[in-house]
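Worksheet for the structure shown next.
Throughout, a chain's letter reflects where its sequence line sits, starting with A, and its residues are numbered from 1.
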Amino acid sequence: MISKPKGTLDFLPADAFKRLHIEDKLRRIASLFNYKEIRTPAFEKTELFRRGIGEETDIVSKEMYSFNDNEFTLKPEMTAPVIRAYIENSLYNVSPVQKLYYISNMFRHERPQAGRYREFSQFGAEVIGSGDYAADVDLISLGTSFLSDFGLKNLKIKINNIGNLDERRTYIADLKKYLEDYKNHLSSESHKRLFTNPLRILDSKDGKDIEIVKNAPVIFDYLGPDNKSHFGNVLKGLESMGIQYEIDYKLVRGLDYYTSTTFEIASDDLGAQNAVLGGGRYDMLVQQLGGKATPAIGFACGLERLTLVLEANKYEFPEPGNPKIYLVSAGEEAKKKVIVIANELRMKGIFCETDLLNRSIKAQMKDANRLNAGYVCVIGDDELRSGAVKIKNMAGGDETEIALDNIVNFNFI
RNA sequence: GCGAGUAUAGCUCAGUUGGCAGAGCGUCAGAUUGUGGCUCUGAAUGUCACGGGUUCGAGCCCCGUUACUCGCCCCA
């Protein structure tokens, strides 16, 4: 037997139906906020991700599915492709602010685990062209409102501002200086990070690291007046909308392109991978990818994780529809007639099903019952001869007699 | 890349000290000849993950392999 690749998922009809419902909801809310959908290729030139996400990030250094001699890579995230499309199609000429969203699958070669897959789907949104705090608030409120539209509470919104490049550079230098003194007390992982990515030591889960980090310099103190007031305005904006947040000066994110605002929404209902949604501002990325200096902000939400949270919260997904009528046939002539009537019903938009296995009447009735059909109509030699059929209401069991050729006009409730 | 756990029917899982491979659900058929749901009766479905070893005898004990799951790292 050939099995699916590790870390991928089959969406059987019941799962696919749930996913479709989630997508419908996301699209509806995104359009309320005037975000327009964008679709980009499943793969891009590898160079795009190297330059966009950062050579040193885990994603680029060890998680990409690359092929054709490394020329192309299945997209591991959507921000770089969206920005590429923005620049390539000169969207800044269409309007100064672009509000875009996407629902798409991503590929990262990681060790699979609860809530983490090698092929996974994200709903994401980007506001390109505005550095105003209003853009941050607009985007974050999109994220929180669809989560609350799903009835999810108990979600923690964490927010931070990691400054611009200069501010961060100064901060990292001071952070390193501080941590040097505790070098020998840090966990081995963090010891390594001291050289590779000191910021990440801030959200280490190691108990000792946490103690050490408690008295470390705080990024907020390194922000200039612009970022300080931007941060303040974003927070006030969220407050004014009743969005509860938690400032987390230790919230640093793993992609190189983030600047200024960063945020994350996590759920206690998930396992180790508890971030449902994460994002931030990336004011340097457009320029980095060859466009004009353009501020932007975005987030991505993992749909598999969202689904896990919904299921943990006993979210009630809608039920798929059931056939309005099941046409039961008895005999070869009736079967031919049933095929024709079924087609007429469907052309009229009536959900209709028939037997495809030449089954007995009893078996067809069972099938109709299993499918939860609203009505059943048995057609056999008698009905063909008389031209009259009985339409049986499966809920009550009562039957209505009607002309065979008039089934399509029956008033199905 | 590292660590831990699991592997028995389509699904969820029992399986005693090593002694004929099991249950529930689902599927199929029957219980009035052309009428479902409930009930009853019956049936089909297994390389007990794979390969070795111990033993008169292994689903069970030992070794190895693989797959899956969870965690570390990182991310959604």
A/T262/A/N160 under side chain to side chain donor-acceptor pair (under 3.5 Å): CA gap, chis, key distance, verdict: CA-CA 5 Å; A/T262 57; A/N160 191 20; 4.6 Å; no
Can you give the dot-bracket line for RNA chain B, using ( ) for pairs inside the strand, [ ] for pairs that cross earlier ones, | for pairs with another strand and . for unpaired bases, where Watson-Crick and G-U count if both distances are under 3.5 Å? (((((((..((((.....[..)))).(((((.......))))).....(((((..]....))))))))))))....
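- Annotation: B/C48 and B/G52 have their P atoms spaced 13 Å apart (nearest Å).
- Look at the C1' atom in both B/A49 and B/A58: the space between them is 16 Å, to the nearest Å.
- Within 4.0 Å (heavy atoms only), A/A368 reaches no atom of the nucleic acid at all.
- Place A/G302 and A/K4 on RNA chain B by their nearest nucleotides, and A/K4 ends up nearer the 5' end.
- Only the C1' atoms considered, B/A14 is 25 Å distant from B/A4, to the nearest whole Å.
- Atom pair A/E63:CD and B/A76:P shows a separation of 10 Å (rounding to whole Å applied).
- Separating the P atom of B/G34 from that of B/U41 is a span of 25 Å, rounded to the nearest Å.
- Annotation: side-chain contact (heavy atoms from CB on, under 4.5 Å) contacts of A/L345 (sequence neighbours excluded): A/I325, A/L327, A/I341, A/I350, A/C352, A/I407, A/V408, A/F412.
- Environment of CD in A/E401: crowded, with over 12 heavy atoms of neighbouring residues, nucleotides or ligands closer than 6.0 Å.
- Counted within 6.0 Å of CG on A/N409, heavy atoms from surrounding residues, nucleotides or ligands total more than 12; the atom is thus considered enclosed.
- Comparing the same atom, C1', in B/U17 and in B/G57 gives a spacing of 14 Å after rounding to whole Å.
- Nearest heavy atom pair, residue A/K6 against residue A/R118, reads O-CD, 3.3 Å.
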Just the table, please: protein N/O against nucleotides 2-11 of chain B N/O, every pair under 3.5 Å.
| unit_1 | atom_1 | unit_2 | atom_2 | d |
| --- | --- | --- | --- | --- |
| B/C2 | N4 | A/R111 | NH1 | 2.9 |

Could you run through nucleotides 27-39 of chain B and give me one letter per nucleotide, 5' to 3': B if any protein heavy atom sits under 4.0 Å from the base, S if only the sugar-phosphate is that close, - if neither? SS-----BBBS--
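- Salt-bridge annotation for A/E399 and A/K392: absent, with no side-chain N of the basic residue lying under 4.0 Å from a carboxylate O of the acidic one.
- Atom CD of A/E316 is surrounded by 12 or fewer heavy atoms from other residues, nucleotides or ligands within 6.0 Å.
- When the options A/Q122, A/K75, A/R39 are evaluated for a side-chain hydrogen bond (donor to acceptor under 3.5 Å, both in side chains) with A/S104, the one that passes is A/K75.
- Crowding of A/E344 atom CD: a count of heavy atoms from other residues, nucleotides or ligands under 6.0 Å exceeding 12.
- In this structure, A/E304 and A/G7 both approach RNA chain B, and ranking their closest nucleotides by distance from the 5' end singles out A/G7.
- If you take CD1 of A/I157 and C1' of B/A76, they are 16 Å apart, rounded to a whole angstrom.
- With hydrogens and angles ignored, the 3.5 Å screen pairs no side-chain donor or acceptor of A/E264 with any backbone N or O of A/A275.
- For the pair A/L139/A/Y35, a side-chain contact is recorded, criterion being any heavy-atom separation below 4.5 Å from C-beta on.
- As judged by a 4.0 angstrom heavy-atom cut-off over every strand, A/R200 is placed among residues touching the sugar-phosphate backbone only.
- On the C1' atoms, B/G46 is 22 Å away from B/U65, given to the nearest whole Å.
- Taking atom CG of residue A/L308 and atom C1' of nucleotide B/U69, one finds them 14 Å apart after rounding to whole Å.
- Distance alone, capped at 3.5 Å, places no donor-acceptor pair between the A/T261 side chain and the A/G280 backbone.
- Atom-to-atom, NZ of A/K156 to P of B/A76 comes out at 19 Å; the value is rounded to the nearest Å.
- Residue A/Q113 has a polar side-chain atom (N or O) positioned under 4.0 Å from OP1 or OP2 of B/G71.
- Remark: C1' of B/C74 and CZ of A/R118 are 14 Å apart, rounded to the nearest angstrom.
- Scored by the ring pair (Phe, Tyr, Trp, His ring centres under 6.0 Å) test, A/Y86 finds A/Y92 as partners (sequence neighbours excluded).
- The environment of A/K4 atom NZ is dense: over 12 non-hydrogen atoms of other residues, nucleotides or ligands sit within 6.0 angstrom.
- Atom-to-atom, NZ of A/K158 to C1' of B/A76 comes out at 14 Å; the value is rounded to the nearest Å.
- Applying the 90° criterion around 0 to the glycosidic angle, B/G42 comes out anti.
- A heavy atom closer than 4.0 Å to some atom of RNA chain B occurs in A/G271, A/A272, A/Q273, A/A275, A/V276, A/L277, A/G278, these being the qualifying members of residues 269-281 of chain A.
- For the P atoms, the distance from B/G59 to B/G18 is 13 Å, rounded to whole Å.
- A/E353 has a carboxylate O that lies under 4.0 Å from a charged side-chain N of A/R346, or vice versa, which qualifies the two as a salt bridge.
- Straight-line distance from the NZ atom of A/K62 to the P atom of B/C73: 11 Å, rounded to whole Å.
- Comparing the C1' positions of B/G26 and B/G10 gives a spacing of 7 Å, expressed to the nearest Å.
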Please test A/E126 against A/Y282 for side chain to side chain donor-acceptor pair (under 3.5 Å), starting from the C-alpha separation and ending with a verdict. CA-CA 10 Å; A/E126 320 279 351; A/Y282 48 94; 2.4 Å; yes
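- Across all strands shown, A/F299 has no heavy atoms under 4.0 Å from either base or sugar-phosphate atoms.
- Looking at A/E264, its side chain has no donor and acceptor atom pair within 3.5 Å of the base of B/A76.
- Across the protein-nucleic acid pair, A/H109 atom NE2 and B/A76 atom P stand 19 Å apart, rounded to whole Å.
- As judged by a 4.0 angstrom heavy-atom cut-off over every strand, A/R193 is placed among residues touching the sugar-phosphate backbone only.
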